[in-house]
Each structure stands twice: as C-alpha cells, then as structure tokens.
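In what follows, a structure is listed as structure tokens, so that the remarks can point back to it.
Keep in mind it's a predicted model, so treat the numbers as computed, not measured. Every chain is numbered from 1 and lettered A, B, ... according to where its sequence line falls, protein lines coming before strand lines.
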Amino acid sequence: MDCETCNDLLLDLHYDELDAARAAEVRAHLDGCDECRAASEGLGRTRVLASKLSLPDAPVHSAAVMAALTSTAPVTAAVSGRVSAVIPIERAREARSVGWLQRVGELAMRRQVAMVAISLLMVGLGLRYLPFRSPTQSVTTEMAQPEVIPATELAPTPEPAPTPAAAPANSMRSRAPVARPVAPAEGRVQAHAARAQNVDAVRGADLGSGSASGRSARPLGNASSAGLARSAPLSEAEAVAADPPAPVAAAAPGSRGGYAQVPADEERQLQAAMPAAPAPAPSSWSSARASAESASSRGDLSNAIANYQRALALDPPPAERQAIALALHRALNSAGRGEEANRVRAQYLTPAADPAALAGQVPSSAPRTQTGAGMVQPSAPRPAATRPARRSNSNVQTDFNQSAY
Amino acid sequence: MRRHRTPIFHFILRSVKNPATADEILQDAWLRMIQGAREFQRASRFTTWAYTVARNLCIDHARKAVHRRHPSLDQSRDDDGATLGDSVAANDPGADRNAIGHQLQRSLVVAIESLPGDQREVFVLREYSHMSFKEIADVVGAPENTVKSRMRYALERLQSSLVEYEDYARTLG
C-alpha cells in the first residue's frame, strides 16, 4: 500500500469504517511509514480533543414540547413562547385522514364532471322514454292491454254515435283519443269505440290508397253498433237484433259492417265479463266452422247450418268465407232448405266457386230482404274480392312495419 | 426522538451559534417531523431524515439572519476571550465543563464555529452525532468522497487551531 492510498483510508480507519483486512493493511503501512503514522497520530489527537467537548443538553422545555407534540392536545405558545407553535395536532391528523376524501369530492364537484353527468342522465332518459319506440311495439302494446267493460255498460243505446273526426294520415298522433262531447252514460262505451276507431284509422291511413279521411272516418252506423262492438262476438242474437239489416251499398268502404275490431284477448275478457251469456258461442269463425263440421259429421244439420252461418257472420277471410258458404250451401240443400241455399249462393258464391255443386240450383234474385228468423245476417256482406280481410294484430304490425320503412 | 434530541440540538447549536435560536429550530424540527411522519420514507433511516430536516431549518435561519445581527453567547465580546455565554449563568447540565478546562472548551467551540459551514456540519455529524460518511452524504446531499474530504480539512483546521493543546491531548490519549 502506498502512502496516498493510506492517507485516503486514514479517516475510515479512525472511524472504524474499514473491514478488518483493509484495516490490517493500513496499520501495516503505518508501522513502516513515519510520515503516514505522524498524520494518523495528529488526526487521533484532534479527535481526542474534540471528544472532550461536552455537548449541551437540549433545553428542558423541549421535552415538554415533545410531549405536547406527541399528544393530541394542541401545542400552545406558552410551552415554547412561540406563537407559531400553536398547531392543533389532532386537527392536522384528521385533515390528513380525510384528505383523500376531500380530493375525491373536489374532483366530483368540478363543472366538467357535473356536465357530463347531466348529459348522461338526459341521454339515458331519452333512450328510456322518447325515441326509438317502434310503431309496432306501441300499437301492439296498446292492443295487448285489454280493457274489461262491464256488461251493463255495453247495453245498446238508441242515440246515434257521432262520427269520429278524421285521423291524420301517417301520424302516430292519430292514436290519441279524439275529443268530442260524450254523454256520461255512454262515455265509456264511446271512448272504447273511439279508441278502436282510431286504431282502425291508423290502419286505414297506412294502407296508402285513397284519401286518408275517407278511410279513417269510418262511420259506425249508429250507437247500437258501437255499443255492440264488444258484445257481438258474445251474444250473436243481440247483435242481430240490434243491428238492422242494411243494404250492401250502405256499407262504407273499409268498414266492418258496424263491428268494431276487437283484439282477441279483449274479446276473451269481454266474454269472461258476460256471465249472462246463455251458451258459449264460438268466438271466431274458425271455431264456428269447426263446430259446424263436427255437427255435420254427426248428422246434426241444423246445428251445422247454424254454426256455418255463425262462422260467416264472424267475417272470415274471403277464401274461407267462400268455403264456408259452400259448406253452408250444401248443408242447406241437404236439409231441404233450398231457398236459403240459393240466398247463400247469391250472396257468397261466385259461379266459378263450385260449378258442380251449384249445378241445377235455381239462381235466386231475392237477395236480402227475405231474412228468415234465426238466420244470421252478416252486417256488411260484400263481394269477397272487394272485401278486405279482417286484420289481426299481426296484420297491423305488418302494415306499420311497411309504413315505417 | 428522545435519543436524537441532544445530538440534533448540538448540531443546530453549532450551526446557529445561539442556544435560544437552536431551541426554536429544534422545536420546529420536531413539528416538521411529526407533521411529515406519513411522508417519511422507510427506505431511509430516521436519523438521516431528522438531521436533514434540522439542517434545512438551519439553512433557512441563516438566510433570514443575514439582516439580523445578534450577538452570540459563544462569541467573544472582549479581548480576554470571554463570551456572552460565560456571563450568563449556566443552569443546564450541558454547561458542565469540569472535565476539561474552560479554556479548552472555549477553544474547541471557537475552533469548531470557525470552520467553514460545509466542513463544520460534516465534522459535527461525524464526531458528535456518530453518523457514517454515507449517511452524512445523504444528509448534506454530497458525494461520500466529498464528505470525507471536508472531514479531513475540518480535522486539519482544528488540529492547527488546537495546537497549543497537543501536549494536553497526549496526556489524555
């Protein structure tokens, strides 16, 4: 080891910061080098003198200050005589503990955050209530909500129902009830009928042919037909009695012969709400036809004829109507009621419908004035080719879908 | 903290040269340590952190004291070398200077306070606070070799200042 290196390591040797091997090397060098040994002894003596300096103890009141600092009590100025020492330590600790909460609160209360939150809220409410509500959903939802009307409110009234206002074409607002004066007694029935008219008006408007007002302003005929709009499927006899036979030309285009369209579930509810009904009549033409066919297979011609007539009265589709009329025609012929069979033929069957079955039958020119007792007369019979099919909910959906796109 | 109280006070006292000021700075140092206890980095030693706080306060006080000139209790006020502190009744145990003569004590204080600031703080931290050179380097923010150089210069200066006590030191050593 040279003297320079030894000189650099003297401090570490005196303050014991050398490992044992390195310290041994330095001591070995010091034993052989007088100059380095003299320097080392000078450092040693200085250290001995410096170690004789007695360190003054910290002032006594500093201990009191430390006790106050470590306690939760605030440090008063009286302890140290310094006003700046008055520090509520506990408050400072609490401030530190809630510091993160305050920071989060400050961040949350910033103006930009509030604006973003309000915007999100408005978008959410808009998505929930305002836009993107498809017409199909709205109409089907409305039509899927049945309204049970007591039988007492469905009694026919002699006063004619006012013609509903023309619904605006291609507008969803046409579903809103039309404001008109309504008598208290018939208010509920008329309101119900008006709702059915409005829905029907929308359907007619969306068909896109002809004037919207001509289709939507469909007259109900009179109040009795409006009142029987719900009772007709339930009590056919009442419907026939209350609805006088009308000429075919009197039926307005697009009308259902005074029978307001009623959803199937609504009909079921109305049927359930009519305890006075003597016998459960078929609620659709298909069931009536099925009953007629079963009765015909049993040989019960009178029951089959009645059910066929009931099926025709329930406004089946044109193709089905023709088939039912043909079956009714055969049943009437089998029962020996040729005159009625001729009437059915004249009303429903075209010459091309079943030439073989109709061969030999005498065409009758007496159409509708000879309505026999008990015979069900369709309220608005028309040629099958021009009579629009009765729409179900699915038809309405299709119409709305087509109009929407 | 109680263990470091006296060495830190001495470190501050050797820096500000006034016991009252040193006491104030010591209290401030404790407050800073308590308030900043959560920010204390466990990676470093508490001793290093505490002396760093005290040293920063001493530096702040020195900057403020540029325009204030108060007489120091350890500053000689006459030709016989008596300081203001000698005229004040010593009522604390630190004033026990019976182990060595008053002359050596005064000479030591004068010699230490006459050191340059960077050498003085290194000497006090190493000699009286018993900190390693590495820890001192952390406190003063200088490389370890620089700290050793400052220490070496401080010892050589003290040796030259206390040359009259070399014989006395030999008797002690």
Side-chain angles (χ1 to χ4, degrees), chain A residues 7-18 38-72 74-75 77 79-93 95-97 99-100, chain B residues 1-2 5-10 12-13 19-20 22-24 26-28 30-31 33-35 38 90-100 104-105 107-109 111-112 123 126-128 130 132-134 145 148 151-152 154-162 165-166 168-170 172-173:
Chain A
N7 215 8
D8 292 339
L9 296 177
L10 278 181
L11 276 179
D12 295 325
L13 178 66
H14 279 275
Y15 290 100
D16 295 330
E17 292 194 8
L18 282 179
S40 177
E41 291 174 352
L43 289 178
R45 285 195 297 271
T46 305
R47 285 202 62 205
V48 169
L49 290 176
S51 65
K52 299 304 176 186
L53 179 66
S54 60
L55 299 181
D57 285 343
V60 178
H61 56 258
S62 290
V65 171
M66 289 181 61
L69 289 175
T70 54
S71 67
T72 57
V75 180
V79 177
S80 62
R82 302 179 62 229
V83 179
S84 60
V86 180
I87 297 175
I89 302 298
E90 186 64 24
R91 192 180 308 165
R93 289 177 179 172
R96 280 197 301 271
S97 63
W100 67 270
Chain B
M1 295 177 68
R2 198 180 304 274
R5 183 164 55 103
T6 297
I8 290 177
F9 176 75
H10 185 252
I12 297 171
L13 179 61
D23 186 28
E24 291 182 4
L26 179 63
Q27 294 178 32
D28 287 343
W30 294 139
L31 286 173
M33 294 174 199
I34 292 173
Q35 292 174 355
R38 293 182 183 272
N91 55 355
D92 56 277
D96 184 10
R97 300 169 180 176
N98 297 325
I100 193 172
L104 178 58
Q105 286 288 331
S107 298
L108 275 173
V109 169
I112 292 172
F123 173 77
R126 173 69 262 196
E127 193 65 39
Y128 301 109
H130 307 289
S132 66
F133 289 118
K134 187 177 184 308
N145 289 331
K148 289 180 180 178
M151 184 67 185
R152 186 65 179 267
L155 287 174
E156 290 175 355
R157 278 178 178 260
L158 288 176
Q159 187 177 1
S160 61
S161 299
L162 301 175
Y165 298 97
E166 282 192 354
Y168 179 71
R170 287 191 183 94
L172 295 176

**OP:** Can you measure from CG (A:Leu53) to OG (B:Ser107) and round to the nearest 0.5 angstrom?
**Re:** 11.0 Å
Subject >> Atom pair OH (A:Tyr15) and NE2 (B:His130), whose distance is rounded to the nearest 0.5 Å >> reply: 10.0 Å
Original post:
For B:Ile12, is it the side chain, the backbone, both, or neither that has a heavy atom closer than 4.5 Å to a heavy atom of chain A?
Top reply: neither
Subject >> Proximal component of B:Phe133, with respect to chain A [non-hydrogen, under 4.5 Å] >> reply: both
Pairwise side-chain contact, [X] with [Y], heavy-atom cut-off 4.5 Å (strictly under):
X        : Y        : result
A:Lys52  : B:Tyr165 : no
B:Gln159 : A:Leu49  : no
B:Arg152 : A:Asn7   : yes

**OP:** Identify the two heavy atoms, one from A:Ala50 and one from B:Tyr128, that lie closest to each other, and give their separation to 0.1 Å.
**Re:** O-OH, 2.8 Å
Original post:
What residue in B:Lys134, B:Arg126, B:Met151 has the most heavy-atom pairs under 4.5 Å with chain A?
Top reply: B:Arg126
Original post:
Between B:Lys148 and A:Glu17, is the closest basic N to carboxylate O distance under 4.0 Å?
Top reply: no
